[in-house]
Protein chains: 4
Amino acid sequence: MTFGSATRSPTRPLDPARSRGGRPRSEHAHQAILSAARELLMAEGFAALRLEHVAARAGVGKATIYRRWASKEELAQELLTQLASPHIAVPNSDNTREELLAAVVNPMNAVTETDFGPVIRALLSQIATDPSLGDPFRASVVQARRAEIARVVERGIARGDLRPDADVDVATELLVGPVYFRLMFGGVLDLDFAERIVEAFMRGYAA
Amino acid sequence: MTFGSATRSPTRPLDPARSRGGRPRSEHAHQAILSAARELLMAEGFAALRLEHVAARAGVGKATIYRRWASKEELAQELLTQLASPHIAVPNSDNTREELLAAVVNPMNAVTETDFGPVIRALLSQIATDPSLGDPFRASVVQARRAEIARVVERGIARGDLRPDADVDVATELLVGPVYFRLMFGGVLDLDFAERIVEAFMRGYAA
Amino acid sequence: MTFGSATRSPTRPLDPARSRGGRPRSEHAHQAILSAARELLMAEGFAALRLEHVAARAGVGKATIYRRWASKEELAQELLTQLASPHIAVPNSDNTREELLAAVVNPMNAVTETDFGPVIRALLSQIATDPSLGDPFRASVVQARRAEIARVVERGIARGDLRPDADVDVATELLVGPVYFRLMFGGVLDLDFAERIVEAFMRGYAA
Amino acid sequence: MTFGSATRSPTRPLDPARSRGGRPRSEHAHQAILSAARELLMAEGFAALRLEHVAARAGVGKATIYRRWASKEELAQELLTQLASPHIAVPNSDNTREELLAAVVNPMNAVTETDFGPVIRALLSQIATDPSLGDPFRASVVQARRAEIARVVERGIARGDLRPDADVDVATELLVGPVYFRLMFGGVLDLDFAERIVEAFMRGYAA
DNA sequence: TCGTAAACGAGACGGTACGTCCTGTCTTAAC
DNA sequence: GTTAAGACAGGACGTACCGTCTCGTTTACGA
């Protein structure tokens, strides 16, 4: 699945009438801001993230940030979307248990081994309480993951590996919920954990 | 299970040598601060919580807050512990399915029908990233819930309702993880959802 | 002249009905407060004088200060009066030049060699702008000095040392004004300076 | 005499390397702050002067004040210098008594008829005790006045109106000391008083 | 090749909140 | 009924950032 297609960059559009003239926006500044923001968000958390510090670290004026994002939230959303995209897809492997394991291991690796982990940890509250950040996240990342897992379950049923009445509606919760539970509330996130989750799922829904 | 025993109030201690003299701390001010903080935390989120506003709403000087809690985080921790305590226990009902349902419904009702919901939403990021808030929360609330669910599973095994090899180590994740997943990432939290979660668990581990 | 007779202690009276009973006010605490206040006033100035620090240094509760003086100004006034009293009198020496010199040297020594110097320096603005401090000071200390100098001039005229039309009304200003001018605006305050002031006065008004 | 040349503005310098960029400091804000500070200093005195109130009255953020002056003292110093400057010069009038009278009447009018009066009253203590305010004041205003009066005396001697041994070293104290004495310690400040002071001086030092 | 126009780094602007300090009052137990 | 201790509501301190606004400068495009 291509994921980016569902995403809408929160970056502020240029004035549509600007095509006439003016200096173009600097792509270098753009990336420097995102990098600085990611580092500071991971180091300090969302509440303590200071756009003034982002600007300083990026070697950029504050206005250059506000020209692109209206708020800290918008900037965070872009970071989140950028980092979440690569960890959604579960390839068709013709092996249902393997695909289910991938559905658990993908998000687990994302949060344990990439910057997505610290970043989403820092943004959990914003996602859970601020629709301006949560709604786009749910509409893109969460929805993409739900769809991917639904496809895995359907393929499993089609192969005869899963019972036809396997509960697609809560499959994402059963497989990915435990990963986020431990992300927040502690507990090891390793392959053994992932396998136990898959084992419990398979016991319930194997044909 | 008594829960409070595991909790440590984060409230700043008085100087141990103070018993001799001085005006005692006002219990009224203490409660007014906690109420004001809860309301503002629910309304604005943790990042936008202003102790100055808490003080104003509580009709209290800022120093009266700082005398009790060293930071916004400590104050939030006390709020969280206060609100989480009542929703842990699962009574022994001699019916394993009923007890498992209670293990899912308890936290679900806590987050949907009490102030614990908005408060923990606001504090998820702090719990996940700030050990000063997360560690006490994990040591008290999360640990208590794990222990309670372990007891439910063990009673189920003892009654012969659950297989002896039912996976106690991930039972909390399987039962409560889905609830928190939907709390953060959307989806209805109702009795039907809870029953589907329990159904999946029972399918996997019923004797 | 005895000076104290003109002074009214600013110390708050005890409740007139106090003769009945209760613990008597501690004279020790009273003196400790005045000493602490004098030291801190000299070290920090009036604007930075903190009653909290006075209380701490005196080993006294804040209420013990407020029971005696209604404000920082009243406490300062008592300090000032206490320190100014000893430097007013000019003894009759049967030598007009000697007495005039004493009228200059007395205040000069008071400000250069006793705590009165730093204290009045710290309180000049209060005296000049705050009637609650300035009026009692003018009514006691300044008035006493004027009267003393008037007596010196009159004795000088009586002895035939000064012209009968010597200007009594500005004599204090001519003799003491230069001392305070240098106290504020710099310049040495020594015997030579005092003698030049007296010399100028004598040149103008000697018979 | 040009007076400003001796003065050093206490205003905080901009970073010398700032000429490159940044919004320039607002002259309008600068003057609004000085006006507000003058009004409040006159109304409340130095000790009760609140920079927060100055900022509010000037319609300015507190940082805008601190960007220019490091402290209440520095701000006061600028006020003082600004207000003192116009009252120093004594024009050559070819009439020694007239010039001496001007030397007394100038400061007298300054303190009775202009804002310099309330302002210096409020700052006397600071000038007398705080070198950071007193030293610049002595170096500029006081020194200028001394020099001006020395010139008046020298012109008087040159004209043959004053004795060649007239005491220049204490002339300022004799002429201006009485004015400040009454400013602090009470007594009318009118033309008659000024004439008596000049009369006493002339009696002593006329040729 | 030259204006025009927008973006750039810098930093001042009016504000809000921080966490600390102090004010003047009040409340306790001890004497 | 005063004492030392210390909590109380209130308010100012000086600092840090907010999001906006000027500056002088740089960079591209279209006339």
Side-chain angles (χ1 to χ4, degrees), chain A residues 14-15 17-26 28-29 49-53 55-56 58-68 70-72, chain B residues 14-15 17-26 28-29 48-53 55-56 58-68 70-72, chain C residues 14-15 17-18 20-26 28-29 48 50-53 55-56 58-67 70-72, chain D residues 14-15 17-26 28-29 48-53 55-56 58-68 70-72:
Chain A
L14 295 85
D15 185 321
R18 61 105 208 180
S19 15
R20 282 187 291 105
R23 177 172 171 176
R25 289 197 183 159
S26 158
H28 176 262
L49 180 64
R50 303 286 170 236
L51 289 191
E52 195 138 324
H53 296 184
V60 137
K62 278 196 290 178
T64 302
I65 300 182
Y66 284 105
R67 217 170 273 126
R68 289 168 166 79
S71 63
K72 216 160 70 166
Chain B
L14 296 86
D15 185 318
R18 65 104 208 177
S19 3
R20 282 190 298 102
R23 178 172 171 175
R25 291 200 183 154
S26 158
H28 177 262
L49 180 63
R50 303 285 169 235
L51 289 189
E52 195 138 322
H53 297 186
V60 138
K62 277 196 289 178
T64 301
I65 300 182
Y66 284 105
R67 217 170 273 128
R68 289 169 167 76
S71 63
K72 221 160 66 164
Chain C
L14 294 85
D15 184 321
R18 59 105 202 182
R20 281 189 291 104
R23 178 169 167 177
R25 288 197 183 162
S26 157
H28 176 262
R50 302 286 170 238
L51 289 191
E52 194 138 323
H53 296 184
V60 137
K62 277 195 293 177
T64 303
I65 300 181
Y66 284 106
R67 215 169 275 125
S71 63
K72 218 160 69 165
Chain D
L14 296 86
D15 185 321
R18 65 104 210 176
S19 0
R20 283 188 296 102
R23 178 172 171 174
R25 292 199 183 158
S26 158
H28 177 262
L49 180 63
R50 305 285 169 234
L51 289 190
E52 194 139 322
H53 298 185
V60 138
K62 278 195 290 178
T64 301
I65 300 183
Y66 285 106
R67 218 170 270 127
R68 290 168 166 78
S71 63
K72 221 160 66 165

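Not measured: the values here are computed from a predicted model. First the proteins, then the strands, lettered A, B, ... as listed; each starts at 1. Values reported hereafter were calculated over all heavy atoms of this structure, with side chains retained and with hydrogens, waters and symmetry mates removed.
Closest non-hydrogen pair, A/Leu51 versus A/Ile65, comes out as O-CD1, 3.8 Å. When all heavy atoms of D/Gly61 and D/Ala55 are compared, the pair lying nearest together is C-CB, 4.2 Å.
The distance from atom NE2 of A/His53 to atom NZ of A/Lys62, rounded to the nearest 0.5 Å, is 10.0 Å.
In this structure, C/Lys72 has no salt bridge (Lys or Arg N to Asp or Glu O under 4.0 Å) partners at least two apart in sequence or on a different chain. By the side chain to side chain donor-acceptor pair (under 3.5 Å) test, D/Ser26 pairs with no residue at all, sequence neighbours left out.
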Which letter, B, S or -, goes with each nucleotide of nucleotides 13-18 of chain E from 5' to 3', with contact meaning a protein heavy atom under 4.0 Å?
-> BBB-SB
